[in-house]
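In what follows, a structure is listed as structure tokens, so that the remarks can point back to it.
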Amino acid sequence: MAHRKPNVLLITCDQWRGDSFGAAGHPVLKTPNIDHLAAEGVVFASHYGGAAPCSPARACLYTGLYQMNNRVCRNGSPLDLRHDNIALAARALGYDPTLFGYTDVAPDPRHRAPGDPFLRSYEGVLPGFTVRQLLPEHQKPWLSWLAERGVDSSAGQPDIHRPAGGARNRVSSAPPVYSADETPAAFLAGEFIRWLTEQDKDEHWFAHLSFISPHPPFIVPAPYNTLYDPADGPDPVRRRTWREEAAAHPYLDYVIGRQKRGKFLPGTKGKVCDFDDNDIRTIRALYWGMISETDAQLGRIWSAIRKSGAWNDTVVVLTSDHAEMMGDHFLLGKGGFFDQSFHIPLIIRDPRRQGQAGARIEAFTEAVDIMPTILDLLGQTPPAHLDGRSLAPFLDGATPSDWRDAAHWEFDFRSIETQSAELHFGLTSRQCNLAVMRTRRFKYVHFGGGLPPLLYDLAADPGELRNVAEDETYLVQRLDCAERLLVWRAKHLDQSLALTALTEHGVVGTPAALARP
């Protein structure tokens with residue numbers, strides 16, 4: 001690899017929990033291809049997304065900036081055009097970053113004509129990417145591909161993801177009309193493999209594969225629909241009833257009472273909190289099946305890269321945008337503050353660094369670390385204003401002495417269009433947010449609009465079932481956490497030009513601080 005820069009394959013699998021693959025120690029899941037990557041790479045076991053849902057989470061990953069700085073608060077929040085990102089940075093290094101899937105980046109409307117159709121959707125493309133195969137939420141390219149294969153795809157999205165045979169208003173393990181060779185993941189994998197055969201063996205490439213799975217709807221073809229027994233695996237982490245869970249905090253009362261089943265299982269009615277234990281266990285088994293189906297497609301990709309002769313020239317980064325509650329705390333989906341929504345996988349394989357192959361890193365890492373890491377692995381000094389830090393030292397067997405001792409994330413629950421959260425809580429849009437600091441021992445959640453804070457002693461309460469913020473014996477810890485969260489925010493306030501100064505001697509700043517915007 002000394003004669004040229006490496007290839008880069010950045011893979012995101014949407015809504016994938018950090019505990020849900022074999023190499024993470026999951027007691028049930030079978031993911032041989034992910035485990036193979038882990039054996040040749042490094043697993044970051046305490047990796048956390050920066051925000052939720054998709055657009056905010058991806059903004060953190062793509063820009064290396066926390067939500068407080070990139071300001072993508074919800075799906076549909078535009079990404080300010082002034083921000084650099086991983087695709088633009090890679091393009092500046094001579095790559096042609098190529099997208100398979102989606103990035104969910106809403107364009108900056110200040111730089112678009114008022115009637116531009118791109119302003120009607122949050123599913124824009126991150127600036128800097130060449131689009132080879134777009135697959136947005138409507139999934140029309142995949143649906144037309146199915147039709148060419150003789151599959152009746154006339155139901156469209158999302159109804160094509162209902163169980164075949166007419167199961168209605170109930171949780172079912174029945175498969176859809178498409179086969180395991182015809183999933184959205186199979187479609188994207190095939191398009192990437194076809195593109196791979198077109199690449200010049202003497203040129204480096206950069207590809208981003210953005211899989212929708214295991215994002216709901218929760219359905220998967222045979223044999224994956226029955227691969228896991230719903231009775232297996234750990235019990236859901238939650239209180240005795242959803243009403244007890246909702247009573248624990250005003251935010252939980254708000255979100256638990258509003259989750260609709262149809263969002264996760266098309267054609268079903270009612271609320272998620274009314275699913276019984278068997279329903280949740282069946283959904284969980286389907287979710288695991290979706291992960292195993294995606295794992296099989298990853299195996300196709302590994303084989304294709306090997307066949308092309310590029311495996312030993314390719315850096316692979318495998319991660320997710322955010323995670324999935326999967327019935328814990330009577331919730332499905334993502335958002336809020338629980339670990340289950342933000343603890344995500346991260347595996348990095350750099351064939352030039354095999355000394356740490358198979359290592360498991362316990363240090364806290366975050367989505368904002370992805371951009372500076374990839375730049376560092378490509379020989380570029382990451383811009384100094386980024387909130388994330390390169391993980392390359394860990395790949396070399398070292399831990400920086402000043403590494404973070406906590407993970408942080410943010411969640412914004414404003415609703416610009418409907419004002420539903422604002423009206424419910426009596427808050428302004430600016431106040432509908434929370435920030436989390438999670439250490440090994442404590443987890444502190446601070447709400448921007450005056451909702452009561454939360455403090456969990458994770459050593460005594462790993463399930464986050466007892467809020468001790470008002471417990472007098474924990475007041476010192478609560479104050480310490482609040483102060484540390486304030487220090488974190490002060491340290492990371494937008495540094496874009498704050499690390500540069502104009503003096504009588506000209507522009508002063510570190511080379512990284514003076515990098516291109």
Side-chain angles (χ1 to χ4, degrees), residues 18 44-52 56-57 60 64-71 73 248-249 251 322 335-344 346 361-369 372 384-391 393-394 399-413 430-495 498-499:
F44 293 84
S46 300
H47 187 66
Y48 290 83
C60 296
L65 299 174
Y66 290 125
Q67 187 181 68
M68 73 174 85
N69 291 324
N70 67 52
R71 299 314 296 141
C73 298
H249 192 271
Y251 175 78
H322 50 70
F337 48 82
F338 290 119
D339 274 24
Q340 291 92 334
S341 279
F342 295 92
H343 180 214
I344 56 177
L346 176 62
I361 304 301
E362 298 293 342
F364 286 115
T365 59
E366 301 174 342
V368 293
D369 298 330
H385 73 279
L386 297 184
D387 293 319
R389 298 178 61 180
S390 172
L391 303 178
F394 294 101
T399 300
S401 59
D402 60 345
W403 195 256
R404 67 176 71 94
D405 60 359
H408 309 85
W409 61 86
E410 301 163 275
F411 180 66
D412 198 301
F413 48 94
R430 288 172 177 257
Q431 295 173 307
C432 293
N433 57 73
L434 62 87
V436 176
M437 185 194 71
R438 186 208 194 280
T439 68
R440 294 295 173 197
R441 172 74 187 275
F442 292 103
K443 179 174 179 178
Y444 178 70
V445 185
H446 192 89
F447 289 82
L451 295 180
L454 294 160
L455 179 67
Y456 297 108
D457 182 345
L458 300 176
D461 175 30
E464 302 175 45
L465 297 172
R466 178 174 175 252
N467 174 26
V468 295
E470 300 299 328
D471 188 329
E472 291 186 359
T473 61
Y474 283 92
L475 289 183
V476 171
Q477 288 83 3
R478 172 178 164 177
L479 177 61
D480 177 65
C481 288
E483 289 180 342
R484 290 180 62 183
L485 186 62
L486 183 61
V487 168
W488 169 75
R489 292 187 68 86
K491 176 182 178 181
H492 289 282
L493 288 173
D494 189 357
Q495 302 293 317
L499 298 171

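Treat the numbers as computed from the prediction; the structure is a model and nothing was measured.
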To the nearest 0.5 Å, tell me how far L346 CG sits from L391 CG.
6.5 Å
Using a 3.5 Å distance criterion without hydrogens, assess whether the side chain of N467 forms a donor-acceptor pair with backbone atoms of L454.
no
To the nearest 0.5 Å, atom NE2 of H385 lies from atom CG of L499 at 9.0 Å
Quick one: are F394 and T399 in side-chain contact, heavy atoms under 4.5 Å?
yes
For the residue pair F337 and Y251, does the interplanar ring angle fall in the parallel (under 30°), tilted (30 to 60°) or perpendicular (over 60°) class?
tilted
Rounding to 0.5 Å, atoms NZ (K491) and CG (L486) come to a distance of 14.0 Å
Do D457 and Q477 make a side-chain contact, defined as non-hydrogen atoms from C-beta onward lying under 4.5 Å apart?
no
OH of Y444 to CG of L479: how many Å apart, nearest 0.5 Å?
9.0 Å
Evaluate the side-chain proximity of R438 to Y48: yes if any heavy-atom separation is below 4.5 Å, no if none is.
yes
Donor-acceptor under 3.5 Å (S46 side chain, E362 main chain)
yes
Yes or no on side-chain contact (heavy atoms from CB on, under 4.5 Å) for R71 and C73, after CA distance, side-chain angles and deciding distance?
CA-CA 6 Å; R71 299 314 296 141; C73 298; 3.4 Å; yes
If only atom types and distance count, is the side chain of Q495 paired as donor or acceptor with the main-chain N or O of L493 below 3.5 Å?
yes
Assess R478 against F442: is NZ or CZ under 6.0 Å from the centre of the six-membered ring, and within 45 degrees of the ring's axis?
no
Is there a ring-ring contact (aromatic ring centres under 6.0 Å, His included) between H322 and F411 once you walk through the steps?
CA-CA 11 Å; H322 50 70; F411 180 66; 10.0 Å; no
Which of these passes side-chain hydrogen bond (donor to acceptor under 3.5 Å, both in side chains) with Y66: E410, E366, R489?
E366
Look at the side chain of W403 and the backbone N and O of F364, then say whether any donor-acceptor pair between them is shorter than 3.5 Å.
yes
Only one of R404, R389, H47 passes side-chain hydrogen bond (donor to acceptor under 3.5 Å, both in side chains) with D369; say which it is.
R404
If you take all heavy atoms of A51 and A57, which pair is closest and at what distance?
O-CB, 3.2 Å
I need the minimum non-hydrogen distance between D461 and Y456, along with the two atoms involved.
OD2-CD2, 3.8 Å
For the residue pair D412 and P56, establish whether any side-chain heavy-atom pair is separated by less than 4.5 Å.
no
